[in-house]
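What follows is a short report on a single structure.
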Amino acid sequence: MRDELVELLGKPVVLSGRLNRCEPNAICSLNICLKAVDTYPWRTDVAISSLSPLRVDHSWLQMSSQEHSMGGIVETY
């Protein structure tokens with residue numbers, strides 16, 4: 001599966017998944033685990049819903065507690 005994601009390495013992506021865990025870490029950020037994640041390339045010329053996603057079992061994200069509390073796009077994982 002990792003080989004399929006190589007083409008997206010270092011590029012912006014859109015992730016859509018179910019929140020599994022959200023825990024604070026030692027550097028005052030949050031570790032966020034998503035399950036059943038659909039990974040789409042970031043595109044501005046077509047609707048994301050029209051693209052075929054790459055499905056991964058889980059994904060870990062890290063964001064600051066401040067970003068998490070601000071709402072907006074980070075509210076939807």
Side-chain angles (χ1 to χ4, degrees):
M1 173 53 71
R2 290 177 192 233
D3 293 338
E4 293 174 8
L5 295 173
V6 167
E7 67 186 58
L8 299 174
L9 186 63
K11 297 178 183 174
V13 295
V14 175
L15 301 175
S16 174
R18 295 188 323 260
L19 181 63
N20 185 44
R21 262 191 272 177
C22 184
E23 339 172 304
N25 61 30
I27 59 171
C28 299
S29 293
L30 295 172
N31 293 332
I32 298 165
C33 180
L34 300 178
K35 289 290 224 180
V37 182
D38 288 333
T39 307
Y40 301 90
W42 178 264
R43 300 272 306 264
T44 57
D45 58 334
V46 296
I48 295 294
S49 60
S50 70
L51 300 173
S52 297
L54 290 173
R55 171 62 69 102
V56 294
D57 179 60
H58 69 282
S59 211
W60 281 95
L61 308 173
Q62 189 176 74
M63 71 172 53
S64 72
S65 299
Q66 183 179 8
E67 281 178 317
H68 184 266
S69 66
M70 289 174 64
I73 196 163
V74 295
E75 207 170 79
T76 305
Y77 302 104

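The shown structure was predicted, so the numbers you read here are calculated from the model rather than taken from an experiment.
Checked against side chain to side chain contact (heavy atoms under 4.5 Å, CB included), Ile48 has the following partners two or more places apart in sequence or in another chain: Val14, Tyr40, Leu51. Not counting sequence neighbours, the partners of Ile27 by the side chain to side chain contact (heavy atoms under 4.5 Å, CB included) test are Asn25, Ser29, Gln62. Applying the salt bridge (charged side-chain N to carboxylate O under 4.0 Å, His left out) test to Glu23 and every residue at least two apart in sequence or in another chain returns Arg21. Ala47 is linked by a side chain to side chain contact (heavy atoms under 4.5 Å, CB included) to Ser49, Ser50, counting only residues two or more places apart in sequence or in another chain. For Asn20, there are no side chain to side chain donor-acceptor pair (under 3.5 Å) partners two or more places apart in sequence or in a different chain.
Atom OG in Ser59 sits 11.0 Å away from atom CG in Asp38 (nearest 0.5 Å).
Here the closest non-hydrogen pair linking Leu19 and Ile32 is CD1-CG2, 3.6 Å.
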Apply the test side-chain contact (heavy atoms from CB on, under 4.5 Å) to residues Val13 and Leu5: give CA-CA distance (whole Å), side-chain angles for both, the deciding distance (0.1 Å), then the verdict.
CA-CA 11 Å; Val13 295; Leu5 295 173; over 6 Å; no

His58 vs Leu34, test: side-chain contact (heavy atoms from CB on, under 4.5 Å). Steps then yes/no.
CA-CA 5 Å; His58 69 282; Leu34 300 178; over 6 Å; no

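Put simply, the side chain of Leu61 reaches to within 4.5 Å of the side chain of Leu15, judged on heavy atoms. Looking only at side-chain heavy atoms (C-beta outward), Arg55 and Val37 stay at 4.5 Å or farther from each other. Residues Pro53 and Thr39 are not in side-chain contact: their nearest non-hydrogen atoms beyond the backbone lie 4.5 Å or more apart.
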